[in-house]
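Below is one structure; the comments refer to it alone.
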Amino acid sequence: MTGSLVLPESFYARDVVEVARDLIGCKLLNEGVGGVIVETEAYDSDDPACHASRGMTGRNRAMFGPPGRAYVYFSYGMHHLLNIVCRPEGCPAAVLIRALEPTDGIEAMRSRRKPATAPEQLCSGPGKVARALGIDLSHYGLPVFDGHLTFLSRQDDWHNPEILATPRIGISAGTRRKWRYCAAGSRFLSRSLAAKGAVK
DNA sequence: CCTGCGATTTGCT
DNA sequence: GCAAATCGCAGGC
């Protein structure tokens with residue numbers, strides 16, 4: 001627990017692919033509940049799979065604002081998905097948080113999901129992450145530097161994680177880009193890495 | 001104005 | 001392995 005720092009706004013004001021890679025191994029907490037980030041995806045402004053690629057709408061306006069804010073959106077009529085806004089203000093981009101290795105408040109996560117969920121399944125998907133941490137549209141646009149929602153720098157065994165890149169999940173456009181990043185060998189991912197196309 | 005579908009998860013036809 | 005659940009938006013009529 002020593003030496004962990006809250007990631008500053010400047011961390012997010014960079015290329016979105018770099019941020020997506022650098023977030024692997026960092027810790028995400030909401031009200032002290034969360035874990036280590038083991039899977040992310042990058043979405044950039046000139047990327048057909050990005051919600052902001054066709055201009056600003058009521059839903060995606062947070063992505064056009066300053067970096068380090070939460071972009072939460074509601075999907076399939078029932079799931080919330082948590083993204084963190086990247087690049088300088090006016091350059092829409094975001095990193096989707098897809099999976100965590102739960103470390104803090106596991107019982108609180110279980111109570112929001114299912115009584116006897118195995119740790120490997122608690123946060124193994126973007127909808128599950130939001131559900132387990134209690135994140136919804138009330139977090140839309142909130143900064144992540146202090147207060148309730150917090151990202152902490154890498155600590156302990158996570159200082160230099162091995163990271164693999166694969167195509168992103170569940171999209172129909174932009175599938176050639178390998179902008180999904182996973183902690184190699186983690187048991188907490190949304191799907192197995194056995195899927196082809198994983199590169200370092 | 002109305003219709004189709006998506007950065008998903010769950011429980012079973 | 002597939003269908004249901006059901007919000008916001010884009011595109012077509």
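In what follows, chains carry the letters A, B, and so on, assigned in the order in which the sequence lines appear, proteins first and then strands, with residues in each chain numbered from 1. Just so it is clear, the structure is predicted and the values come from calculations on it, not from any experiment.
Between the CE atom of Met78(A) and the P atom of dA7(B) there is a distance of 17 Å, given to the nearest Å. Atoms CZ (Phe74(A)) and C1' (dG8(C)) sit 10 Å apart, rounded to a whole Å. If you measure from atom NE2 of His79(A) to atom P of dA4(C), you get 15 Å, rounded to the nearest angstrom. Going from atom CZ of Arg113(A) over to atom P of dG11(B) covers 10 Å, rounded to whole Å. Counting to the nearest Å, the C1' atom of dA10(C) and the OH atom of Tyr73(A) are 15 Å from each other. For the pair Lys128(A) NZ and dA7(B) P, the computed distance is 19 Å after rounding to whole Å. One can place OH of Tyr76(A) at 6 Å from C1' of dT8(B), the figure rounded to the nearest angstrom. Put simply, CG on Leu96(A) is 14 Å from C1' on dT9(B), counting in whole angstrom units.
For the side-chain contact (heavy atoms from CB on, under 4.5 Å) criterion with Phe188(A), the lone passing option out of Val36(A), Leu122(A), Val38(A), Ile37(A) is Val38(A).
Near DNA chain C, meaning a heavy atom under 4.0 Å away, there are no residues from residues 16-23 of chain A. Within residues 50-69 of chain A, the residues approached by DNA chain C to less than 4.0 Å at the level of any non-hydrogen atom are Arg54(A), Thr57(A), Gly58(A), Arg59(A), in residue-number order.
Ring geometry, His51(A) versus Tyr71(A): the interplanar angle exceeds 60°, so the pair is classed perpendicular (tilted spans 30 to 60°).
Without hydrogens or angle criteria, Arg14(A) side chain to Tyr12(A) main chain gives no donor-acceptor distance under 3.5 Å.
When the nucleotides dA7(B), dG6(B), dG11(B) are ranked by their closest atom to the side chain of Lys114(A), dG11(B) comes out on top. Closest approach to the Ile169(A) side chain among dA7(B), dA5(C), dT8(B) is made by dT8(B) (side chain taken as heavy atoms from C-beta onward).
Nucleotide dT6(C): unpaired (no Watson-Crick or G-U wobble partner with both distances less than 3.5 Å).
Checking Ser172(A) against Arg131(A), the closest nucleotide of DNA chain B that is more toward the 5' end is the one next to Ser172(A).
The P atoms of dC5(B) and dC13(C) are separated by 14 Å, rounded to the nearest whole Å.
Interatomic distance, Leu5(A) CG to Phe151(A) CZ, rounded to the nearest 0.5 Å: 15.5 Å.
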